Structures are given as structure tokens and as C-alpha cells.
Amino acid sequence: MVKIIITLLLCTILYSCSAPYYRLADGRKVIKSKYKNIKYFDANIFNEIDVNFLYKKVDYYMADKNYKKLRDIGKDVERSIQFYKNGRVRFFSFGYTDPNPEITGGRGIIYKKNGKIKIDTQFANQSGDIFKGTYSVKIEGDYIFLLDDNFLVPGSEYICFVYKKSDEKVPEEWKKYNADW
């Protein structure tokens, strides 16, 4: 009974946190409001991330708060990230890519706050509601680790995505589109 009450409470909280959105041309929802933490964007982040290349997901696992792999969690869909010089980030999945960010791609921003790199982006629950969430970021050479730190509780496990700089450059055509979310 207690588990049911807690589950209902969590669902209610997540639903109430749902952000206003609009739909892209491909039908996907994206958050309508601006990301407030963009004021913490630090261009020096791009000394370690090359905005001229896409980053492709190469691993997906449960980790501790230090990004250490604890266990595999199965298969995941193909994912990629595009970084923009102005601190905006676009996420692709399921093979949906288009040069125009108004056609496809999840929104996000990258910034540094209190000495730590973070990415704010959009998450969705199983009901299709979208809300803002945060990844903690660790960069090691050509690898970027994203740790879902939205429910950091000591002793817990967290989803960690590992992306690697691909050989695929961001096409020049893509760079003509404005990323201002």
C-alpha cells in the first residue's frame, strides 16, 4: 500500500512539473521556455569538446556518482549529440536527424556552475509529459560521460551515457541554422 501511495505521489509530482512545449515538424515535443542556466555558459568548455563533430553514444549503463560502471542495463537506441558554439546542445535518437532544429532533435544547453559541467535538457516520462532535467558531465579526451543526476541519493545507481567524438563532421549546411532555446 505504501509503495502505491509513493508511486502515485511521484507521478503527480512529475506531471505537475511538466513544462510547456510545442511540436517540431517530426511531431516530437520540445520545451517552449528558455533554459535559465545558459547565463553560466563558459566557452572554455569547448576547449575539450569539438563543436565541429557529432558525438555518438557508445555505451549505456548504471553507474555510481563517480561515473564508475556498476552494471550493464541492456540495449538502447542510437543517440547523437550536436554542440553549438553558443552553448546550445541538440540530441538525436532513433536515427531522426535533420539540419534544421525546428524539424527534429531534443534541446539542451551546456554550462559550468560551481566548477562542474552540466547539461540541462528535456526528459519525458512514459505518459509523454516533458520536463527539464540535468546531466552531470565528465570529459575524458574524445569521450563525454553524461550522468543523470536528477535524483542523486547517496548509495544509488544512476544512468550513464557515454558518447565518443565521431569521424562525422557536422555538415556545413547544419551550421546555418540558429540554435536559440
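Only heavy atoms go into these numbers, but all of them, side chains included; no hydrogens, no water, no symmetry mates. Everything numeric here is computed off the predicted structure, so don't read it as measured data.
Counting heavy-atom neighbours within 6.0 Å of D167 CG, excluding the residue itself, gives a total of 12 or less.
Ring to ring, F123 and Y135 are close: their centroids are under 6.0 angstrom apart.
Checked options Y84, F53, F92; the residue passing with W174 is F92 (criterion: ring pair (Phe, Tyr, Trp, His ring centres under 6.0 Å)). The only member of I117, D142, I139, I81 that meets side chain to side chain contact (heavy atoms under 4.5 Å, CB included) when paired with I49 is I139.
Counting heavy atoms from C-beta outward, K165 and L54 have side chains that stay 4.5 Å or more apart. Residues P99 and Y177 are in side-chain contact: their nearest non-hydrogen atoms beyond the backbone lie under 4.5 Å apart. At least one side-chain heavy atom of K175 sits under 4.5 Å from a side-chain heavy atom of N52. Between F91 and T104 the shortest side-chain heavy-atom distance does not fall below 4.5 Å. Side-chain contact between N86 and F41 is absent, with no heavy-atom pair separated by less than 4.5 Å. Side-chain contact between I109 and V89: absent, with no pair of heavy atoms (C-beta onward) separated by less than 4.5 Å.
For the residue pair Y61 / D72, no side-chain donor-acceptor distance below 3.5 Å is found, with atom types taken as modelled. N100 and D98 are not linked by any side-chain donor-acceptor pair at a separation below 3.5 angstrom, with hydrogens and angles left out of the test. Side-chain polar atoms of D120 and T134 form a donor-acceptor pair below 3.5 angstrom. One side chain, K118 or S136, offers a donor N or O that lies under 3.5 Å from an acceptor on the other.
Under a cutoff of 6.0 Å and an axis angle of 45°, K138 and F145 form a cation-pi pair. A cation-pi contact, defined as under 6.0 Å to the ring centre and within 45° of the axis, links K132 to Y35.
Residues C160 and L147 share a closest heavy-atom pair of CB-CD1, 4.0 Å.
Ring geometry for Y40 against Y111 counts as tilted: the plane angle lies between 30° and 60°, on a 0 to 90° scale.
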